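Worksheet for the structure shown next.
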Amino acid sequence: MTLEKSIQHSTLGMLRIPNFSDIESASQRIAPYVTRTPLLRSPILDKLAGAPVWLKAENLQLTGAFKLRGAFNALLTLDEETRSRGVIAYSTGNHGQAIAYAANRLGIQATVIMPADAPKTKMDGVRRYGAIVHQYDRHTESREEIGMQILQRTGATLIPPGDQPDVIAGQGTVVFEAWNQLQEEQRSTIRKILVPCGGGGLAAGTCIAMSSLAKETEIFAVEPFGFDDTVTSLASGKREKIIGNNQTLCDALMASIPAELPFAVNSAYLTGAVAVTDDEVKQAIRFAIDTLRLVIEPGGIVALAAILARKIQLNGEPALVVLSGGNIDTDILSSILAT
């Protein structure tokens, strides 16, 4: 399927849809600033899944999540005059930490708009990297509206977590890098790719990358139950908003509606989307610690949880799974390990 070159965003105007060459350029641009994370295998996981499973360990990325890729790519494309006015981001944590870290590294002032109930670990991380934190009530206030108000007042540049072409291109380097880590004969066997999904930027970057690398590969987005807006949106064919004050351990994936630019891509290319429960997420976190010796945050492990819970059947065919982040709150980790 051929995508349009741009979309008309409801508040941000005309937005360009990134292409494969944007991901290739992003990979080269961010290489000096990010970690080339490992691609891992586990015989025990392979046996449980009934197929070889490759794990892209973005929990080992600097700042503990894949978001650093999109943050650096977006900031590195800004000219010096634009950088001097600073940047604004809204985030539940990982995008905010990534923007704060990248901005600090590049000498840019950053302001991050975060929900007041965001994990303390992530809020402290944003401040530690030198950014200003602006808190809001996610149930009564709109982070997008707050961002636009600060933008108009300061002249800074807004770098949203999903509705930004350079961010999506940067996120696309996760699977692009993983694909290049595989040997040619291994690539030819991969039939499914599973990625965590909140606003949809990682899924969109993955779809764009794979539309050029291996069009026949099936791509699935995985969300937490109660925030499965991509599941419902794909079913209806339009962006659907989650209604109600739902709760989930997956703080990184608490988007109530798919971001507009990613959904334009995902609705065209995703094979499907599934949701996992908090109990399934907890079991996957325990498995990762006990078997893989990896600490993965709830939102970062949903794709692996979908495999372990048999939400997606591999049918003996190899799969690539993205572990998107490892910034788990210590209290949550302790409670999971105690059960």
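On a predicted model such as this, the values are computed, not experimentally measured, just so you know.
- Identified under the side-chain hydrogen bond (donor to acceptor under 3.5 Å, both in side chains) test for residues 308-324, with sequence neighbours left out: E280-K311.
- Side-chain atoms of R239 come within 3.5 Å of backbone N or O of P258 as a donor-acceptor pair.
- One hydrophobic cluster holds both I190 and Y269 under the rule that ILVMFWY side chains link at heavy-atom gaps under 4.5 Å.
- Counting only heavy atoms from C-beta outward, the side chains of N59 and V295 never approach each other to under 4.5 Å.
- In this structure, a donor-acceptor pair under 3.5 Å is present between the side chains of R69 and T173.
- Of the possible donor and acceptor atoms, one in the side chain of E223 sits under 3.5 Å from a partner among the backbone N and O of T230.
- Between the CD atom in E218 and the CD1 atom in I193 there is a gap of 10.5 Å [rounded to 0.5 Å].
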Verdict with reasoning, I242 to D228, per side-chain contact (heavy atoms from CB on, under 4.5 Å): CA-CA 8 Å; I242 298 296; D228 45 355; 3.9 Å; yes
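- With sequence neighbours excluded, the residues forming a side-chain hydrogen bond (donor to acceptor under 3.5 Å, both in side chains) with D79 are T82, listed by chain and number.
- Contact of the P165 side chain with the L261 side chain is registered, since non-hydrogen atoms from C-beta on lie closer than 4.5 Å.
- Residues N73 and V167 form no side-chain contact, since every pair of their non-hydrogen atoms from C-beta on lies 4.5 Å or further apart.
- At a threshold of 4.5 Å between side-chain heavy atoms, the hydrophobic network of Ile, Leu, Val, Met, Phe, Trp and Tyr places L194 and F227 in two separate groups.
- From C250, atom SG reaches atom CG of D278 across 6.0 Å, with rounding to the nearest 0.5 Å.
- Between D166 and L75 the shortest side-chain heavy-atom distance does not fall below 4.5 Å.
- A search for side-chain hydrogen bond (donor to acceptor under 3.5 Å, both in side chains) contacts involving T154 returns nothing, not counting sequence neighbours.
- Here E81 pairs with R85 under the salt bridge (Lys or Arg N to Asp or Glu O under 4.0 Å) rule; sequence neighbours left out.
- At least one side-chain heavy atom of R41 sits under 4.5 Å from a side-chain heavy atom of P52.
- Cluster membership check: I328 shares its hydrophobic cluster with L249, using side-chain heavy-atom separations under 4.5 Å among Ile, Leu, Val, Met, Phe, Trp and Tyr.
- If you chain together hydrophobic residues whose side chains sit under 4.5 Å apart, L12 and F263 fall into the same group.
- Not counting sequence neighbours, the partners of S256 by the side-chain hydrogen bond (donor to acceptor under 3.5 Å, both in side chains) test are K241.
- Side-chain contact between K282 and D279: present, with at least one pair of heavy atoms (C-beta onward) separated by less than 4.5 Å.
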Would you give me the side-chain donor-acceptor pairs under 3.5 Å for residues 30-38, sequence neighbours excluded?
| unit_1 | atom_1 | unit_2 | atom_2 | d |
| --- | --- | --- | --- | --- |
| T37 | OG1 | K56 | NZ | 3.0 |
| T37 | OG1 | E58 | OE2 | 2.4 |

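- At least one side-chain heavy atom of F72 sits under 4.5 Å from a side-chain heavy atom of L106.
- Among all heavy-atom pairs drawn from I168 and I208, the shortest one is CG2-CD1, 4.1 Å.
- Residues A209 and I23 share a closest heavy-atom pair of N-CD1, 3.6 Å.
- To the nearest 0.5 Å, atom CD1 of residue I150 and atom CD of residue E145 are 12.5 Å apart.
- Nearest heavy-atom pair, V112 versus G96, reported as atom, atom and distance to 0.1 Å: CG1-CA, 3.6 Å.
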Carefully, step by step, assess H134 and Y90 under the rule side-chain contact (heavy atoms from CB on, under 4.5 Å). CA-CA 9 Å; H134 182 109; Y90 41 79; over 6 Å; no
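- To the nearest 0.5 angstrom, R29 atom CZ is 12.0 Å from E24 atom CD.
- Under the salt bridge (Lys or Arg N to Asp or Glu O under 4.0 Å) criterion, K120 pairs with D124, not counting sequence neighbours.
- In terms of the side-chain hydrogen bond (donor to acceptor under 3.5 Å, both in side chains) criterion, Q283 has no residue partners (sequence neighbours excluded).
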Verdict with reasoning, R187 to N180, per side-chain contact (heavy atoms from CB on, under 4.5 Å): CA-CA 9 Å; R187 296 176 199 165; N180 288 326; 4.1 Å; yes
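- Nearest heavy atom pair, residue I312 against residue I307, reads O-CD1, 4.3 Å.
- Both F66 and L182 belong to a single network of hydrophobic side chains, linked directly or stepwise wherever heavy atoms of I, L, V, M, F, W or Y lie under 4.5 Å apart.
- Here the shortest heavy-atom pairing between G316 and A51 reads C-CB, 3.5 Å.
- Side chains of L304 and L292 form a contact here, defined as non-hydrogen atoms less than 4.5 Å apart.
- With values rounded to the nearest 0.5 angstrom, N104 atom CG is found 8.5 Å from Y101 atom OH.
- Defined by atom type and a distance below 3.5 Å, a donor-acceptor pair is missing between the side-chain atoms of Q97 and T63.
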When the side chains of residues 125-133 are checked against the rest of the protein, which donor-acceptor pairs come out under 3.5 Å, sequence neighbours left out?
none

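- To the nearest 0.5 Å, the span separating SG on C197 from CG on N266 amounts to 6.0 Å.
- A salt bridge links K238 with E240: the closest approach of a Lys/Arg side-chain nitrogen to an acidic carboxylate oxygen falls below 4.0 angstrom.
- What you find for L320 and A178 is that their closest heavy atoms are CD2-CB, 4.1 Å.
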Walk me through whether F220 and V195 qualify under side-chain contact (heavy atoms from CB on, under 4.5 Å). CA-CA 6 Å; F220 293 88; V195 298; over 6 Å; no
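- For the side chain to side chain contact (heavy atoms under 4.5 Å, CB included) test, residues two or more places apart in sequence or in another chain that qualify with T291 are S42, I44, F287.
- Side-chain contact, T92 with D251: no donor N or O sits under 3.5 Å from an acceptor N or O.
- Evaluation of the side-chain hydrogen bond (donor to acceptor under 3.5 Å, both in side chains) test over residues 10-21, restricted to residues two or more places apart or in two chains, returns H9-T11, S10-E260, R16-D22, N19-S21.
- Residues F176 and F20 place their aromatic rings such that the two centres sit under 6.0 Å apart.
- Listed by first and then second residue, the side-chain hydrogen bond (donor to acceptor under 3.5 Å, both in side chains) pairs that reach into residues 326-339 are N94-N327, sequence neighbours excluded.
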